[in-house]
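Only this structure's heavy atoms are used, side chains among them; waters, hydrogens and symmetry mates stay out.
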Amino acid sequence: MHAGDGPRDPVYVGQVLEPRYVFACREEFPHLRDVLVAHVLMLRRQHLLDPDAAAETLRALASLSPADLPPYDPRWEDLYFVLHDRVDTATRGRGEFRLALSRNDAGAAVARLMLREQTLAIIDAADGVREAVLDQAERHRATLIMAHTHHQHAQPTTAGHYLLAAAATLARCADRYRGALDRLDRSPLGAVALTTTGFAIDRRYVARLLGFEGIVENSYDAVAAGDYVCELAGCHAVLATSLSRVVYDLLFWAGSEVDGLRLAPSFIQISSLMPQKRNPVALEHVRSALSRVLGECLAALASSHNVPFGDINDPVEDLLPPLTASHRELCGTLDLLRAVVAQAEIRPEAWTAALRGTFATSTELADTLVREGGLRSADAHAAAAHLVAARRARGEDFAGVRPDEVQAATQTAAGRGVSLSKESLDAALDPAAFVARRNVEGGPGPRAADVMLRSAREALSESRARTRAARARIADARARREQAVAEALAATPRPGEADRRQ
């Protein structure tokens, strides 16, 4: 209801009130109705609302659907007051839900219910990407690739090793969301405006009816806090940033110079001019979408900065529309990335060619000089670097390197010539042997990779089980709420209804 002294300014209506009302009708209505139903059930249970009035109110709320909501009318500034008017009209003034309730705690509850639902959806979508990544990691745990540091050839590793690293990042992102979920899944109801109420309400009963895991204890905190919104924005930002780095690498893999990754035909575009082009545009769209999400998250954090700690629009209510938009974009982008990764072809033959003619196995050469030649690690490093420099100066790579060259390099760098057998030298410079030796925990070697893969699969399974458990808890709460409504209505039938049942 409008408590002002005159009609609302049309600019204020057009820019703020009407768009916010449209969003609330589309996104918030079912959550707000659930909040009001739970509150009325609590009032009835606490004998703060007589059974007849409670039943009238519950029937009126149950009869409402989004289709029943009117276009924005400046007489009622928001959805909360529209629902109050509809209940009041339907019950001819006998309904009640505003006792010991404020838009402050009701709105905070709606925000938390919405964000809880969105967070579970994001975790599901991220776990879908994780599964696709792990499937590829399992298929390619022995596929050699070139690892880069500082955009330079570094060492041989495997596609599986790289993808397991990406999966580990996704696992941590899921853990962050779960931590955020633990903190936002608390009921603010009962805080009322901010100091609770003089009526003997039961905050924990309402929380259970809505499937919350507990309450926000301090009533001031319950309506003032916006950190749970910022935390989710932060989770979105970390996920978007982390995935954008992986997408950058996948685009590099898909580039013509490497050609180590080919997207399925349904995810590419051709050139309007150049017949040979096979552009990996789906990944480009993923990358740009992740950048947009990051921008929206930074805007959310900025909007929450330097505002009073109290019930105020900036840190929560005004952020719900853009945060919901970024959630939808992020979920859709994750679904697209999952499909791209699941159907992509990693090409071992292209990576073999990419590894050929590099000095990426120099580390193993230095290690062999330590193991078999007895050099200090610093001297072995210097000797390998000397050999690389000499070969580069002649325009050569490691192909065809001879034991006498190694001996000369160690003599120059370490003051002692080390002679390696041809077999030892070939093994030291072989990318496959390089990887096979690295079975230290977390390494790309086959035994280490298998351990990581099993552990990653178990973590994914646990994440999905936790999501199912959270959804089951919420569904159980809904069932309890519906049962409580049914019992309340059965205990107070409409006039004449008892006679019709006989």
Side-chain angles (χ1 to χ4, degrees), residues 27 114-139 162-181 184 229 231-254 261 263-264 266-268 280-300 320-344 346 456-457 459-468 470-471:
E27 306 289 345
M114 284 182 61
L115 294 176
R116 180 176 70 182
E117 189 175 278
Q118 292 177 11
T119 302
L120 289 170
I122 287 283
I123 293 172
D124 257 348
D127 280 348
V129 178
R130 192 177 3 164
E131 182 176 40
V133 169
L134 289 175
D135 288 346
Q136 289 281 18
E138 186 165 12
R139 284 194 288 271
Y162 176 93
L163 292 168
L164 282 166
T169 295
L170 282 163
R172 288 192 297 274
C173 286
D175 287 344
R176 287 187 191 95
Y177 278 110
R178 292 202 186 281
L181 184 61
L184 77 86
V229 180
E231 186 170 17
L232 275 184
C235 289
H236 292 350
V238 172
L239 177 59
T241 301
S242 299
L243 284 179
S244 72
R245 298 180 66 194
V246 175
V247 170
Y248 178 100
D249 286 345
L250 296 182
L251 282 165
F252 172 72
W253 291 12
L261 178 75
L263 270 56
S266 55
F267 294 113
I268 66 167
V281 293
L283 284 174
E284 294 173 355
H285 289 305
V286 168
R287 183 174 58 184
S288 63
L290 293 173
S291 296
R292 288 193 298 275
V293 168
L294 179 59
E296 290 159 356
C297 292
L298 293 174
L320 287 179
L323 201 61
T324 297
S326 67
H327 152 75
R328 290 217 168 100
E329 179 151 46
L330 187 51
C331 273
T333 302
L334 290 170
D335 287 344
L336 174 59
L337 182 58
R338 174 195 52 76
V340 169
V341 170
Q343 299 177 52
I346 296 176
R457 292 281 194 196
L460 176 59
S461 179
E462 180 186 354
S463 178
R464 284 182 159 154
R466 292 180 66 183
T467 300
R468 286 194 300 272
R471 289 208 164 103

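Minimum interatomic distance between Cys331 and Ile122 (heavy atoms only, all atoms of both residues): SG-CD1, 3.6 Å. Across every non-hydrogen atom of Ala282 and Leu336, the tightest pair is O-CD2, 4.1 Å. The two residues Gln136 and Ala342 have their closest heavy-atom pair at NE2-O, 3.9 Å. Of all the heavy atoms in Val293 and Ser326, the pair that sits closest is CG2-O, 4.1 Å.
Residues passing the salt bridge (charged side-chain N to carboxylate O under 4.0 Å, His left out) test with Glu138, sequence neighbours excluded: Arg457. Residues that satisfy the side chain to side chain contact (heavy atoms under 4.5 Å, CB included) test with Phe252, not counting sequence neighbours, are His148, Val258. In this structure, Asp175 has no side-chain hydrogen bond (donor to acceptor under 3.5 Å, both in side chains) partners at least two apart in sequence or on a different chain. Not counting sequence neighbours, Arg468 has no partner by the side-chain hydrogen bond (donor to acceptor under 3.5 Å, both in side chains) test. For Ala264, the side chain to side chain contact (heavy atoms under 4.5 Å, CB included) partners two or more places apart in sequence, or in a different chain, are Ser266, Phe267, Gln343. In this structure Glu131 satisfies the side-chain hydrogen bond (donor to acceptor under 3.5 Å, both in side chains) test together with Arg464, sequence neighbours excluded. In this structure, the side chain to side chain contact (heavy atoms under 4.5 Å, CB included) partners of Leu251, at least two apart in sequence or on a different chain, are Val247, Pro280, Leu283, Glu284, Arg287. When the side chain to side chain contact (heavy atoms under 4.5 Å, CB included) test is applied to Val229, the partners found at least two apart in sequence or on another chain are Leu115, Val316, Leu319, Leu323. With sequence neighbours left out, the salt bridge (charged side-chain N to carboxylate O under 4.0 Å, His left out) criterion links Arg466 to no other residue. Partners of Asp127 under the side-chain hydrogen bond (donor to acceptor under 3.5 Å, both in side chains) rule, at least two apart in sequence or in another chain, are Arg130, Ser463.
Note that CG of Leu263 and CG of Leu250 are 8.5 Å apart. Values are rounded to the nearest 0.5 Å. Rounding to the nearest 0.5 Å gives a distance of 10.0 Å between CG of Leu184 and CD of Gln118. The line from OG1 of Thr119 to CE of Met114 is 11.0 Å long, rounded to the nearest 0.5 Å.
Each salt bridge (charged side-chain N to carboxylate O under 4.0 Å, His left out) pair with one or both residues in residues 241-253, not counting sequence neighbours, would appear here, but there are none. The salt bridge (charged side-chain N to carboxylate O under 4.0 Å, His left out) analysis of residues 329-341, with sequence neighbours excluded, yields the pairs Arg292-Glu329.
Side-chain atoms of Ser288 come within 3.5 Å of backbone N or O of His285 as a donor-acceptor pair.
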Start with the C-alpha gap between Leu337 and Val341, add the side-chain angles, then the distance that decides, and say whether side-chain contact (heavy atoms from CB on, under 4.5 Å) holds. CA-CA 6 Å; Leu337 182 58; Val341 170; 3.9 Å; yes
Please report the C-alpha distance between Glu27 and Arg328 in whole Å, then the side-chain angles of each, then the deciding distance to 0.1 Å, and finally whether the salt bridge (charged side-chain N to carboxylate O under 4.0 Å, His left out) criterion is met. CA-CA 12 Å; Glu27 306 289 345; Arg328 290 217 168 100; 2.8 Å; yes
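The shortest side-chain heavy-atom distance between Ile268 and Val281 does not fall under the 4.5 Å cut-off. Thr467 places a side-chain heavy atom less than 4.5 Å from the side chain of Arg178. Counting only heavy atoms from C-beta outward, the side chains of Tyr177 and Leu120 never approach each other to under 4.5 Å. Side-chain contact between Leu290 and Leu330 is present, with heavy atoms from C-beta onward closer than 4.5 Å. Counting heavy atoms from C-beta outward, Pro322 and Glu296 have side chains that stay 4.5 Å or more apart. By the 4.5 Å heavy-atom criterion applied to side chains, Leu239 and Leu170 are counted as neighbours. Between Leu243 and Leu334 the shortest side-chain heavy-atom distance falls below 4.5 Å. Looking only at side-chain heavy atoms (C-beta outward), Leu163 and Leu134 stay at 4.5 Å or farther from each other.
No close placement of the Trp253 and Tyr248 rings is indicated, their centers lying 6.0 Å or farther apart.
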